[in-house]
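Notes follow once the structure below has been shown.
Here the structure is a predicted model, which means the values were calculated and not measured.
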Amino acid sequence: MLRPLAWCLSLGAASVALTVSTGGATAPFVGLFGTVVGIMKAMSGFRADEEVKFTTVSGPISEALIVTAVGIGVAVGAVVLFNFFSQRANRIATEMKLLTDEFLELLLDTKNQAPQG
């Protein structure tokens, strides 16, 4: 009875940890993709014979850097959450293992102490 319960609890925490870790692993790449798109947008805004001004390029590049910062922020948050859920899943699994061991010891002690008739 306790083993399926422990398995379900640890599986639930593990699946949350997997989802969060995937987000943490991919968020920097999403931020990097936003940076590349923003820089491409900034560079495509002027012609070859045109003089490039700071104001033409600064807006799209600052947007790209904001996207990068958000991607890094999401990744850091996801890693923190992953560590939290991973430790929680390990703690639940350990507690369930200890409870199962105590239950089995109690069963064995009860069996040994039962009057044999």
Side-chain angles (χ1 to χ4, degrees):
M1 177 72 181
L2 289 177
R3 288 187 191 266
L5 178 62
W7 183 76
C8 288
L9 288 174
S10 63
L11 181 65
S15 66
V16 170
L18 177 65
T19 303
V20 170
S21 69
T22 301
T26 58
F29 297 113
V30 172
L32 181 61
F33 180 72
T35 303
V36 171
V37 169
I39 290 174
M40 289 173 57
K41 181 180 171 185
M43 298 300 173
S44 68
F46 51 87
R47 295 179 206 87
D49 60 344
E50 185 180 18
E51 184 178 328
V52 179
K53 296 182 181 175
F54 178 72
T55 56
T56 307
V57 181
S58 65
I61 288 181
S62 67
E63 290 175 6
L65 293 175
I66 289 171
V67 170
T68 303
V70 169
I72 291 171
V74 168
V76 168
V79 168
V80 169
L81 286 174
F82 170 76
N83 289 336
F84 171 76
F85 284 116
S86 178
Q87 288 181 358
R88 185 173 176 164
N90 289 338
R91 187 173 61 237
I92 289 171
T94 301
E95 287 177 11
M96 289 297 165
K97 170 86 170 92
L98 291 173
L99 284 172
T100 303
D101 290 345
E102 287 179 24
F103 181 71
L104 290 175
E105 279 185 35
L106 185 66
L107 282 177
L108 290 175
D109 286 344
T110 305
K111 182 180 176 184
N112 290 337
Q113 292 177 1
Q116 296 180 2

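The side chain to side chain contact (heavy atoms under 4.5 Å, CB included) test with F103 is passed by exactly one of T100, L107, D101: L107. For the side chain to side chain contact (heavy atoms under 4.5 Å, CB included) with V79, the qualifying choice from L81, V76, N83 is N83, the only one to do so.
When the side chains of ILVMFWY residues are joined at heavy-atom separations under 4.5 Å, either directly or via intervening members, F82 and F84 end up in a single hydrophobic cluster. Hydrophobic clustering (ILVMFWY, side-chain heavy atoms < 4.5 Å, transitive): V74 and V30 are in distinct clusters. Under the 4.5 Å side-chain heavy-atom criterion for ILVMFWY residues, no single connected hydrophobic cluster contains both V80 and F85.
Atom OG in S58 sits 10.0 Å away from atom CD in E63 (nearest 0.5 Å). Put simply, CG on N90 and OG on S86 are 5.0 Å apart, with the number rounded to the nearest 0.5 Å. A distance of 11.0 Å separates CG of L99 from OG1 of T94, quoted to the nearest 0.5 Å. A distance of 12.5 Å separates OG1 of T26 from CG of L32, quoted to the nearest 0.5 Å.
Between P60 and G38 the shortest heavy-atom distance is CB-O, 3.6 Å.
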